[in-house]
**Q** 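Structure provided below as structure tokens; questions to follow.
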2 protein chains.
Amino acid sequence: MALDRIDFAILDTLQKDGRISNSALAEKIGLSQSACSRRLDQLEKSGVIEGYHARLSNGALGHKMTAIVHISLSGQFEKSLAEFEAAIKRCPNVLSCHLMSGEYDYVVRIAAKDLEDYERIHKEWLTAMPHVIKINSSFALREVVDRTSMGIMPELA
Amino acid sequence: MALDRIDFAILDTLQKDGRISNSALAEKIGLSQSACSRRLDQLEKSGVIEGYHARLSNGALGHKMTAIVHISLSGQFEKSLAEFEAAIKRCPNVLSCHLMSGEYDYVVRIAAKDLEDYERIHKEWLTAMPHVIKINSSFALREVVDRTSMGIMPELA
DNA sequence: GTTGAAAGTAATCCGCC
DNA sequence: GGCGGATTACTTTCAAC
């Protein structure tokens, strides 16, 4: 799907305010409501927009701690990976998980209430996952940036 | 702010569908529209809901590669950290960045179109940031989980 | 791409139970 | 917490340009 500047402007706006009304969006990017609505339809149907989500405050919900955990499995067979991934998806404290190249197989970001809560997660979830042989936890002292998708500003230039 | 099961149900729903209408939300959680609207107001004003965002497909936008970069600075003075953080916030390819305890000072997640694009980002942004003395890049082979906030299901129990 | 209009739906705010 | 009502605003669709 070919996107032009107007599409990027729509995406940029919607990324910053996912609940903006079609009319406000149309006005902001300088398009009529009908044209704006049609483009938005296209962007949603084509999969460029995957969905809309409320962003909750982990802190306000009592999860003031973020851990970044590097995990290695005992083998890299697709079956082992699949079993581990199915397990990690079930853990509600997992914010993100990527299969990686390099020293560790997975990098996992975890939200916890506090250190004690992290110990519980570590024990009940992480060490209980299939094929795990090595776990290395680091803790975030501060969140500097946290976005789901990258800023699309560069494409606007 | 004290949250009850109804609040968690609202949050859970809104996290999955950030554009749901108040009337649909009210029906889903079994509340009248006015009560639902009042609670939502509170959740937004109290900061539990930080905002609403469209989730864009990095892949569809041409950014098919995710890198996780560990960065160390030459010193951990607050001034150095602040300067580095100001710089990293400016980079549009940065998805997340955390100041860490442990071996590296920062863990940064970066979206890139491809390896060539990553090399450009590495050269133009990462190595150009103030006080950086060590950069270690790993690449994601697969995204297993990616959420902004943790699932709040556990609180529903 | 635009405008304008119609019809349906939703949000907001009210007082009251 | 629920209900009904009134007002205002938004969405969607359509026709015509």
**Q** Nearest whole Å is fine: how far is D:dT11 C1' from A:Leu25 CG?
**A** 13 Å

**Q** B:Asp41 has an atom CG; how far is it from atom P of C:dC14, in whole Å?
**A** 12 Å

**Q** Roughly how many Å is it from CG in B:Asn22 to P in C:dC13, rounded to a whole number?
**A** 11 Å

**Q** Given D:dT12, C:dA10, C:dT3, which nucleotide is nearest the side-chain atoms of A:Ser34?
**A** C:dT3

**Q** As a test of reading the structure: which of D:dG2, C:dA11, C:dT2 is closest to the side chain of B:Ser23, going by heavy atoms?
**A** C:dA11

**Q** Compare the minimum distances between each of C:dA11, D:dC10, D:dT12 and the side chain of A:Gln33, then state the nucleotide with the smallest one.
**A** D:dT12

**Q** Are side-chain N/O atoms of A:Tyr52 and A:Glu44 paired as donor and acceptor at under 3.5 Å?
**A** yes

**Q** Does B:Ser37 get its side chain close enough to the base of C:dC13, under 3.5 Å, for a donor-acceptor pair?
**A** no

**Q** When all nucleic acid strands are considered with a 4.0 Å heavy-atom cut-off, which category describes A:Ser32: base, sugar-phosphate, or nothing?
**A** base

**Q** When you check the side-chain N and O atoms of A:Ser137 and A:Tyr118, is any donor under 3.5 Å from an acceptor?
**A** yes

**Q** Does the ring centre of B:Tyr106 sit less than 6.0 Å away from the ring centre of B:Phe84?
**A** yes

**Q** Can you work out whether A:Ile20 or A:Arg38 has the more 5'-proximal nearest nucleotide on DNA chain D?
**A** A:Ile20

**Q** To the nearest Å, how far apart are B:Arg19 CZ and D:dT11 P?
**A** 7 Å

**Q** Write down the distance between CD (A:Glu27) and C1' (D:dA9), rounded to a whole number of angstrom.
**A** 13 Å

**Q** Return the nearest nucleotide to the side chain of B:Arg39; candidates are C:dA11, D:dG1, D:dT12.
**A** D:dG1

**Q** Pick one: which of B:Leu25, B:Leu3, B:Asp4, B:Ile29 meets side chain to side chain contact (heavy atoms under 4.5 Å, CB included) with B:Arg39?
**A** B:Asp4

